[in-house]
Colleague: 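Mind looking over this structure? Questions follow.
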Amino acid sequence: QVQLLESGGGSVQPGGSLRLSCTMSGDIYSNHCMAWFRQGPGKEREGVASIYIGSAMSNYGDFVKGRFTISRDNSKNTLYLQMNSLEPEDTAMYYCAARLSGTGYCDLDRDVYNDWGQGTQVTVAS
């Protein structure tokens with residue numbers, strides 16, 4: 001089991017940037033998928049970005065459009081999400097999630113992720 005703790009959320013104006021962090025502890029392996037999801041007010045939880053620990057191969061939701069970058073620092077057991085050009089529509093609770101993968105591909109289906117953090121709030125408003 002993996003324990004996850006998010007940080008770095010806050011309030012920012014449209015066009016601004018934030019970097020979210022997710023500190024991972026527990027049984028973390030190179031065949032873990034790590035991902036960021038988000039859930040806005042009245043919306044379903046959706047996948048933002050994912051990364052395979054072993055290869056750093058990443059995957060992004062269509063709405064990201066090159067604005068966000070997922071990365072990991074294995075030496076610090078930390079996952080990051082750099083978010084640039086933020087829009088009001090990006091306002092949401094952002095969650096870190098983990099699951100094991102036998103294929104090396106990390107999709108963005110929330111139903112297959114087993115471990116979740118508590119979330120960090122991101123608010124984009126002028």
Side-chain angles (χ1 to χ4, degrees):
Q1 190 173 5
V2 177
Q3 293 77 45
L4 305 168
L5 181 64
E6 303 94 336
S7 62
S11 296
V12 63
Q13 293 186 342
S17 299
L18 280 175
R19 188 177 79 158
L20 305 183
S21 298
C22 174
T23 303
M24 307 175 285
S25 60
D27 299 327
I28 301 166
Y29 304 105
S30 60
N31 59 340
H32 256 106
C33 285
M34 304 298 302
W36 289 97
F37 288 81
R38 71 183 188 181
Q39 188 165 13
K43 298 181 180 180
E44 292 188 353
R45 192 170 296 189
E46 62 180 349
V48 178
S50 63
I51 190 167
Y52 188 65
I53 294 294
S55 68
M57 182 178 293
S58 58
N59 186 26
Y60 293 90
D62 291 340
F63 60 86
V64 169
K65 298 179 182 178
R67 300 180 298 131
F68 300 173
T69 302
I70 190 171
S71 62
R72 88 275 186 260
D73 185 333
N74 291 345
S75 67
K76 296 181 179 179
N77 279 350
T78 302
L79 179 73
Y80 302 101
L81 183 68
Q82 177 67 43
M83 304 188 294
N84 299 325
S85 301
L86 284 162
E87 304 167 350
E89 292 74 22
D90 296 314
T91 295
M93 185 71 79
Y94 283 72
Y95 298 91
C96 180
R99 73 173 184 93
L100 289 168
S101 171
T103 66
Y105 175 72
C106 301
D107 56 24
L108 292 171
D109 179 356
R110 65 180 185 269
D111 292 331
V112 301
Y113 283 81
N114 310 113
D115 299 303
W116 292 84
Q118 295 298 308
T120 185
Q121 178 68 37
V122 171
T123 301
V124 185
S126 55

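Quantities reported herein were computed from a predicted structural model and do not represent experimental measurements.
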Colleague: Mind checking side-chain contact (heavy atoms from CB on, under 4.5 Å) for Asp73 and listing every partner two or more places apart, or none if nothing turns up?
Modeller: Ser75, Lys76, Tyr80
Colleague: Given side chains that start at C-beta, do those of Thr91 and Val122 come closer than 4.5 Å, heavy atoms only?
Modeller: no
Colleague: Without placing hydrogens or testing angles, list every side-chain donor-acceptor pair under 3.5 Å for residues 26-34, not counting sequence neighbours.
Modeller:
unit_1 : atom_1 : unit_2 : atom_2 : d
His32  : ND1    : Tyr29  : N      : 3.0

Colleague: Counting C-beta onward and ignoring hydrogens, is there a side-chain heavy-atom pair between Leu108 and Ser50 closer than 4.5 Å?
Modeller: yes
Colleague: Of all residues at least two apart in sequence or in a different chain, which pass the salt bridge (Lys or Arg N to Asp or Glu O under 4.0 Å) check with Arg110?
Modeller: Glu44
Colleague: Restricting to side-chain contact (heavy atoms from CB on, under 4.5 Å), what partner residues turn up for Gln1, sequence neighbours left out?
Modeller: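 Partners of Gln1 under the side-chain contact (heavy atoms from CB on, under 4.5 Å) test: Gln3, Asp115.
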Colleague: Tell me every residue that passes side chain to side chain donor-acceptor pair (under 3.5 Å) with Thr103, counting only those two or more places apart in sequence or in another chain.
Modeller: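 Testing Thr103 for side chain to side chain donor-acceptor pair (under 3.5 Å), a comparison that skips the adjacent residues, returns Ser101.
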Colleague: Listed by chain and number, what are the salt bridge (Lys or Arg N to Asp or Glu O under 4.0 Å) partners of Asp107, not counting sequence neighbours?
Modeller: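 Asp107: salt bridge (Lys or Arg N to Asp or Glu O under 4.0 Å) contacts with Arg99.
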Colleague: Could you list all the ring-ring contact (aromatic ring centres under 6.0 Å, His included) pairs where at least one residue sits in residues 105-126, not counting sequence neighbours?
Modeller: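 As it turns out, the ring-ring contact (aromatic ring centres under 6.0 Å, His included) pairs with a partner in residues 105-126, which skip direct neighbours, are Phe37-Tyr113, Phe37-Trp116.
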Colleague: Quick one: ring-ring contact (aromatic ring centres under 6.0 Å, His included) pairs with a partner in residues 47-68, sequence neighbours left out?
Modeller: none
Colleague: What I'd like to find out is whether the side chain of Leu79 reaches to under 4.5 Å of the side chain of Leu4, using heavy atoms alone.
Modeller: no
Colleague: Would you please name every residue forming a side chain to side chain donor-acceptor pair (under 3.5 Å) with Gln39, sequence neighbours left out?
Modeller: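 Gln39 satisfies side chain to side chain donor-acceptor pair (under 3.5 Å) with Arg45 only.
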Colleague: Checking Arg38 now: which residues fulfil side chain to side chain donor-acceptor pair (under 3.5 Å) with it, not counting sequence neighbours?
Modeller: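 Arg38: side chain to side chain donor-acceptor pair (under 3.5 Å) contacts with Glu46, Asp90, Tyr94.
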Colleague: Would you call Ile53 and Arg72 a side-chain contact if the rule is heavy atoms closer than 4.5 Å?
Modeller: yes
Colleague: Would you please name every residue forming a side chain to side chain donor-acceptor pair (under 3.5 Å) with Asn84, sequence neighbours left out?
Modeller: Ser17, Gln82
Colleague: Quick test of your reading: applying disulfide (SG to SG under 2.5 Å), list the pairs with at least one residue in residues 36-75, sequence neighbours left out, ordered by first then second residue.
Modeller: none
